[in-house]
Amino acid sequence: MSDSLTAEGYTVTSISNAKELSKKTIIYDYSGGKMKNTIKFLEDSLGVSAIQKLDSTKKVDISVVIGDDYKGISIKK
């Protein structure tokens, strides 16, 4: 997924393992609505809806947790 996003011009700041395994892929939006186009792209590409989160300790705008249901990213041009 990181390679696909980077190829599309997005900046991937880090890759790590989640604290817990997830059955479903999740997009967390910490941007407070500032990243609407990126969120829409991720929602369309991954087939899931983003969850708005307020957390001032987060140092990222968006976090994606890849779940067991992940089948790849579908980039529509």
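- By the 4.5 Å heavy-atom criterion applied to side chains, Met35 and Ile62 are counted as neighbours.
- The shortest side-chain heavy-atom distance between Val64 and Tyr28 does not fall under the 4.5 Å cut-off.
- For Tyr10, the ring pair (Phe, Tyr, Trp, His ring centres under 6.0 Å) partners at least two apart in sequence or on another chain are Phe41.
- In this structure, Glu43 contributes its side chain and Ser49 its backbone to no donor-acceptor pair below 3.5 Å.
- Considering OG of Ser63 and CD1 of Ile51, their distance stands at 10.5 Å, rounded to 0.5 Å.
- Closest non-hydrogen pair, Ser22 versus Val65, comes out as CB-CG1, 3.9 Å.
- A single hydrophobic cluster is not seen to contain both Ile73 and Ile26; linkage of ILVMFWY side chains at heavy-atom distances under 4.5 Å, directly or through other members, places them apart.
- The stretch residues 28-42 participates, sequence neighbours left out, in these salt bridge (Lys or Arg N to Asp or Glu O under 4.0 Å) pairs: Lys40-Asp44.
- Taking NZ of Lys23 as the start and CG of Leu21 as the end, the distance is 8.5 Å to the nearest 0.5 Å.
- At a threshold of 4.5 Å between side-chain heavy atoms, the hydrophobic network of Ile, Leu, Val, Met, Phe, Trp and Tyr places Ile15 and Ile66 in one connected group.
- A side-chain contact (heavy atoms from CB on, under 4.5 Å) with Ser31 is found for one member of Asp61, Val60, Thr38 and no other, namely Asp61.
- A distance of 11.0 Å separates CD of Gln52 from CD1 of Ile27, quoted to the nearest 0.5 Å.
- Atoms CG and CG, on Leu42 and Leu5 in that order, are 6.0 Å from each other to the nearest 0.5 Å.
- Cluster membership for Tyr30 and Val12, using ILVMFWY side-chain heavy atoms within less than 4.5 angstrom, is not shared.
- Proximity of Met1 to Leu46: side-chain heavy atoms (C-beta onward) are separated by under 4.5 Å at one or more points.
- The local environment of CG in Asn17 is sparse, with at most 12 non-hydrogen atoms from other residues, nucleotides or ligands closer than 6.0 Å.
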